[in-house]
**Student:** 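This structure is in structure tokens; I'll ask about it shortly.
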Amino acid sequence: MQQDCQIEHPLFGGAITSSFPLRFQDVSNIRQVPDHQEVFVDPDRDESLIFELLDYKHEVGDNGSASWFLQDLANEQNAEGCTLFEQSEVVEAPGILSRNIPTVISTAVGQMNISKGKQGREAQNIVKVYLANIRLKGVDTDVLVTAYEPVLINPLSESARMVGAGMAVPAAQSGYLPMSEVFKLAVSTFKVIDWNLFGGASA
């Protein structure tokens with residue numbers, strides 16, 4: 001069994017922190033992702049964890065916001081077969097206060113067929129997607145924490161060259177923390193260290 005060592009990762013220049021396994025490598029610079037995103041990947045398992053800062057969606061209510069963002073994500077990636085498995089109630093995040101306004105969190109879990117990069121529909125993988133919407137209302141920011149877990153790797157996908165085609169090997173079987181637990185850990189340990197990240201707003 002391999003040790004899935006967990007550490008606190010600095011995000012967005014250390015303004016935010018979150019804890020998750022060391023095996024997830026920061027590829028934000030390599031992939032030239034937008035400044036409002038931080039991307040971590042385990043290339044050996046084709047699993048990824050993404051933190052994203054968005055302008056607050058005032059038109060989206062707290063209840064069901066995570067499932068709304070999940071569907072929006074599916075639309076952005078031209079995903080097929082997007083299925084919502086579960087969504088949580090809205091809960092307050094203890095310890096995350098911006099301008100004395102409570103932060104709320106909701107989560108959603110779904111499955112969709114998506115292709116990597118510019119690969120077409122013929123190369124789509126089936127992935128399970130875990131998404132948390134952390135609503136920092138005091139600084140007008142929606143934070144998305146999204147975890148991708150492969151279910152079935154298409155032999156035509158880029159992923160097949162790295163991890164092999166077919167059904168993905170369960171994490172626990174390989175001695176790793178399951179992606180569902182990685183996601184819960186990343187969300188539950190999410191902290192804002194420097195509120196100046198959000199345009200000089202104070203906590």
**Student:** Let me confirm one number: the CG-CG distance from Leu11 to Leu197, rounded to the nearest 0.5 Å.
**Tutor:**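 Interatomic distance, Leu11 CG to Leu197 CG, rounded to 0.5 Å: 10.0 Å.
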**Student:** Under a single-linkage definition using a 4.5 Å side-chain heavy-atom cutoff for Ile, Leu, Val, Met, Phe, Trp and Tyr, are Leu73 and Leu53 assigned to the same hydrophobic cluster?
**Tutor:**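 Different clusters: Leu73 never reaches Leu53 through Ile, Leu, Val, Met, Phe, Trp or Tyr contacts under 4.5 Å.
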**Student:** Donor-acceptor check, side chain of Ser98 to backbone of Gly138, threshold 3.5 angstrom: yes or no?
**Tutor:**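 Yes; judged by distance alone, with no hydrogens or angles, the pair exists.
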**Student:** When clusters are formed by joining ILVMFWY residues with side-chain heavy atoms under 4.5 Å apart, either directly or through shared neighbours, do Phe69 and Val109 land in the same one?
**Tutor:**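 In one cluster with Phe69: Val109, no.
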**Student:** Under a 4.0 Å threshold between the charged nitrogen and the carboxylate oxygen, would Lys57 count as salt-bridged to Asp72?
**Tutor:**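 Salt bridge flag = no for Lys57 with Asp72.
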**Student:** Grouping I, L, V, M, F, W and Y whenever their side-chain heavy atoms are under 4.5 Å apart, do Val33 and Val143 come out in a common cluster?
**Tutor:**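 Cluster IDs for Val33 and Val143 differ.
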**Student:** Does Ser88 form a side-chain hydrogen bond (donor to acceptor under 3.5 Å, both in side chains) with Ser106? I'd like the steps, not just the answer.
**Tutor:** CA-CA 6 Å; Ser88 74; Ser106 63; 5.1 Å; no
**Student:** With His36 as reference, evaluate Asp55, Leu144, Leu54 under the side-chain contact (heavy atoms from CB on, under 4.5 Å) test and give the passing residue.
**Tutor:**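 Of all the options given, the one that passes is Leu54.
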**Student:** How many angstroms lie between OG1 in Thr146 and CD in Gln37, if you round to the nearest 0.5 Å?
**Tutor:**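 The CD atom of Gln37 is 8.5 Å from OG1 of Thr146, to the nearest 0.5 Å.
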**Student:** Taking Leu97's backbone N and O only, do any of them form a donor-acceptor pair with Thr103's side chain (distance below 3.5 Å, no angle check)?
**Tutor:**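 No, the answer is negative, given that no donor and acceptor are paired below the 3.5 Å cut-off.
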**Student:** Would you mind reporting whether Val41 and Gln25 have side-chain heavy atoms less than 4.5 Å apart?
**Tutor:**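 Of all side-chain heavy-atom pairs linking Val41 with Gln25, none is under 4.5 Å.
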**Student:** Whether the side chain of Asp42 engages the backbone of Asp44 through a donor-acceptor N/O pair (distance < 3.5 Å, no angle test) should be reported.
**Tutor:**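 Yes, because the side chain of Asp42 sits within donor-acceptor range (under 3.5 Å) of the backbone of Asp44.
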**Student:** Suppose we call two aromatic rings close when their centres sit under 6.0 Å apart. Are Phe198 and Phe12 close by that rule?
**Tutor:**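 Aromatic pair excluded; centres sit 6.0 Å or further apart.
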**Student:** Applying side-chain contact (heavy atoms from CB on, under 4.5 Å) to Val60 and Arg135, what does each step give before you reach the verdict?
**Tutor:** CA-CA 11 Å; Val60 179; Arg135 314 207 82 179; 4.2 Å; yes
**Student:** With a 4.5 Å heavy-atom cut-off, do Tyr176 and Pro21 have their side chains touching?
**Tutor:**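 No; the side chains remain at least 4.5 Å from each other.
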**Student:** Would you say Asp26 has more than 12 foreign heavy atoms packed within less than 6.0 Å of its CG?
**Tutor:**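 Counting other residues, nucleotides and ligands, CG of Asp26 exceeds 12 neighbours.
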**Student:** Between the main-chain N or O of Pro155 and the side-chain N or O of Ser157, is there a donor-acceptor pair closer than 3.5 Å?
**Tutor:**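 Not confirmed, Ser157 side chain does not pair with Pro155 backbone.
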**Student:** Apply side-chain hydrogen bond (donor to acceptor under 3.5 Å, both in side chains) to residues Ser67 and Gln87 and explain how you reach the verdict.
**Tutor:** CA-CA 7 Å; Ser67 57; Gln87 58 182 332; 3.0 Å; yes
**Student:** How close do Ala171 and Pro178 get, heavy atom to heavy atom, and via which atoms?
**Tutor:**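 The pair with the smallest heavy-atom distance is CB-CA, 3.8 Å.
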**Student:** Among Pro150, Ser174, Ser159, which residue meets the side-chain contact (heavy atoms from CB on, under 4.5 Å) test with Arg45?
**Tutor:**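 Passing option: Ser174.
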**Student:** Among Ile126, Val127, Asn125, find the residue that satisfies the side-chain contact (heavy atoms from CB on, under 4.5 Å) test when tested with Val151.
**Tutor:**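 Filter result, single survivor: Ile126.
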**Student:** What heavy-atom pair brings Ala147 and Leu49 nearest, and what distance separates the two atoms?
**Tutor:**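 Here Ala147 and Leu49 meet closest at CB-CD1, 3.8 Å.
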**Student:** Please tell me if the side chains of Gln77 and Val129 come closer than 4.5 Å, counting only heavy atoms from C-beta onward.
**Tutor:**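 No, their side chains stay 4.5 Å or more apart.
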**Student:** For the CG atom on Asn29, are there more than 12 heavy atoms of other groups (residues, nucleotides or ligands in this structure) within a distance under 6.0 Å?
**Tutor:**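 Atom CG in Asn29 is not crowded, with 12 or fewer foreign heavy atoms closer than 6.0 Å.
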**Student:** Could you state the interatomic distance from CE (Met179) to CD (Glu47), rounded to the nearest 0.5 Å?
**Tutor:**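 CD of Glu47 is found 5.0 Å from CE of Met179.
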**Student:** Is Ile105 reachable from Val182 through a run of hydrophobic residues whose side-chain heavy atoms are each under 4.5 Å from the next?
**Tutor:**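 As far as the 4.5 Å side-chain criterion goes, Ile105 and Val182 are connected within one cluster.
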**Student:** Counting C-beta onward and ignoring hydrogens, is there a side-chain heavy-atom pair between Tyr148 and Ile50 closer than 4.5 Å?
**Tutor:**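 Side-chain contact under 4.5 Å: yes.
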**Student:** Answer yes or no: is there a donor N or O on one side and an acceptor on the other, between the side chain of Ser188 and the main chain of Lys184, under 3.5 Å?
**Tutor:**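 Checking the backbone N and O of Lys184 against the side chain of Ser188, a donor-acceptor pair under 3.5 Å is found.
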**Student:** To the nearest 0.5 angstrom, please state how far the OG atom of Ser18 sits from the CD atom of Gln6.
**Tutor:**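 Between Ser18 OG and Gln6 CD, I get 10.5 Å after rounding to 0.5 Å.
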**Student:** Look at the side chain of Asn154 and the backbone N and O of Gln124, then say whether any donor-acceptor pair between them is shorter than 3.5 Å.
**Tutor:**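 Looks like yes, one N/O pair under 3.5 Å.
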**Student:** Kindly compute the distance separating CG (Leu131) from CH2 (Trp68), expressed to the nearest 0.5 Å.
**Tutor:**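 With rounding to 0.5 Å, CG (Leu131) is 11.0 Å from CH2 (Trp68).
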**Student:** Do Asp142 and Asn133 make a side-chain contact, defined as non-hydrogen atoms from C-beta onward lying under 4.5 Å apart?
**Tutor:**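 Answer yes - side chains close enough.
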**Student:** Below 4.5 Å, heavy atoms only, C-beta onward: do Arg99 and Leu136 meet side chain to side chain?
**Tutor:**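 The answer is no; the side chains never approach within 4.5 Å.
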**Student:** Step by step, work out the salt bridge (charged side-chain N to carboxylate O under 4.0 Å, His left out) result for Asp62 and Lys137.
**Tutor:** CA-CA 11 Å; Asp62 293 342; Lys137 298 186 178 188; 2.5 Å; yes
**Student:** If you measure from CD1 on Ile193 to CD1 on Ile16, what distance do you get to the nearest 0.5 Å?
**Tutor:**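 The distance works out to 9.0 Å.
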**Student:** What about Val187 and Val192, same hydrophobic cluster or not, with Ile/Leu/Val/Met/Phe/Trp/Tyr joined at side-chain heavy-atom distances under 4.5 Å?
**Tutor:**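 Per the 4.5 Å side-chain linkage, Val187 and Val192 are co-clustered.
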**Student:** Spell out, as yes or no, whether a donor-acceptor pair under 3.5 Å connects the side chain of His9 to the backbone of Phe20.
**Tutor:**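 Yes; judged by distance alone, with no hydrogens or angles, the pair exists.
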**Student:** Centroid-to-centroid, Phe24 to Phe40, below 6.0 Å?
**Tutor:**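 Ring-ring flag for Phe24/Phe40: false, centres at least 6.0 Å apart.
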**Student:** Do side-chain atoms of Asp4 reach the backbone of Leu177 as a donor and acceptor pair under 3.5 angstrom?
**Tutor:**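 Judged by distance alone, yes, a pair lies under 3.5 Å.
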**Student:** Are the side chains of Leu70 and Met112 in contact, using a 4.5 Å heavy-atom criterion?
**Tutor:**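 Touching, per the 4.5 Å side-chain cut-off.
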**Student:** Answer yes or no: is there a side-chain heavy-atom contact under 4.5 Å between Val145 and Tyr130?
**Tutor:**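 Counting from C-beta outward, Val145 and Tyr130 never come under 4.5 Å.
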